[in-house]
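Let me begin by presenting the structure, written as structure tokens, before commenting on it.
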Amino acid sequence: DNPNLTMNPGEAGFFKDNSGAGQVLTFVGEVLQNTSPGLVNTLPIGLAMRSSMVPQQGRLTADLGVPAEDGDGVFVYNGGYSADTYDGIAGDWGNPGGPVIKVGQGFFYKKVAGGVSTQWVRSFTVQ
């Protein structure tokens, strides 16, 4: 309902095609590269839709560097939702290193109530 909607790197959304005919979505732009202090994506308190700011697939914390805290949750849609909660005592998610996030895939990230927003900072350089 908003043809002028924009999304910034690190934001995410859902697109539902009601036409039944299929759609071609084209995303264009420059690959962000390292700047000082790095590429910063805020994980606010509560539920937020996020994605990696760079085109890289990997496990949420082990590869993509999300700074999870005890009780944080992540919800990933792959034809159905899977959910994981970060366990601060174990120092990991239900899936070692966190769920795998694909290039361009968004996810819901839920910061634990009573926590503080976190800065997800990445360094990335195209080789």
Nearest heavy-atom pair of Pro55 and Val31: which atoms, and what distance?
-> CD-CG1, 3.7 Å
Give a yes-or-no answer on whether the side chains of Thr42 and Gln119 include a donor-acceptor pair shorter than 3.5 Å.
-> yes
Shared hydrophobic cluster for Val103 and Val126 (ILVMFWY, side-chain gaps under 4.5 Å) | no
How long is the span from the OH atom in Tyr86 to the CG atom in Leu60, to the nearest 0.5 Å?
-> 10.5 Å
Can you check whether Val112's main-chain N or O pairs, donor with acceptor, with Asp72's side chain at less than 3.5 Å?
-> yes
Between CZ of Arg122 and CG of Leu39, what distance do you get to the nearest 0.5 Å?
-> 8.0 Å
Rounded to the nearest 0.5 Å, the CD atom of Gln33 sits from the CE atom of Met53 at a distance of 13.0 Å
Grab the two heavy atoms, one from Leu47 and one from Lys110, that are nearest each other, plus how far apart they are.
-> CD1-CB, 3.8 Å
Among the clusters formed by ILVMFWY side chains lying less than 4.5 Å apart, do Phe75 and Tyr77 turn up in the same one?
-> yes
Would you indicate whether the side-chain heavy atoms of Gln105 and Val76 approach each other to under 4.5 Å?
-> yes
State plainly whether one hydrophobic cluster holds both Trp120 and Val40, where clusters connect Ile, Leu, Val, Met, Phe, Trp and Tyr through side-chain heavy atoms under 4.5 angstrom apart.
-> no
So OG1 of Thr85 and CG of Asp70: to nearest 0.5 Å the spacing works out to 9.5 Å
Could you tell me the separation between the CD atom of Gln56 and the CG atom of Asp63, rounded to the nearest 0.5 Å?
-> 7.0 Å
Same apolar cluster: Phe14 and Phe107, side chain cutoff 4.5 Å | no
Looking only at atom types and distance, does a side-chain atom of Ser117 sit under 3.5 Å from a main-chain N or O of Leu43, one as donor and one as acceptor?
-> no
Considering residues, nucleotides and ligands other than Gln23, do more than 12 of their heavy atoms fall under 6.0 Å from its CD?
-> yes
Geometric class of the Tyr109/Trp93 ring pair [parallel <30°, tilted 30-60°, perpendicular >60°] | perpendicular
Determine the minimum heavy-atom distance between Glu11 and Ser51, stating which atoms define it.
-> O-OG, 2.9 Å
Taking every non-hydrogen atom, the tightest pair across Leu64 and Gly58 = CD1-O, 3.6 Å
Given Arg50, which of Val74, Ile101, Asn41, Val66 fulfils the side-chain contact (heavy atoms from CB on, under 4.5 Å) condition?
-> Asn41
Ignoring hydrogens and angles, tell me if any N or O in the side chain of Asp87 forms a donor-acceptor pair with the backbone of Asp92 under 3.5 Å.
-> no
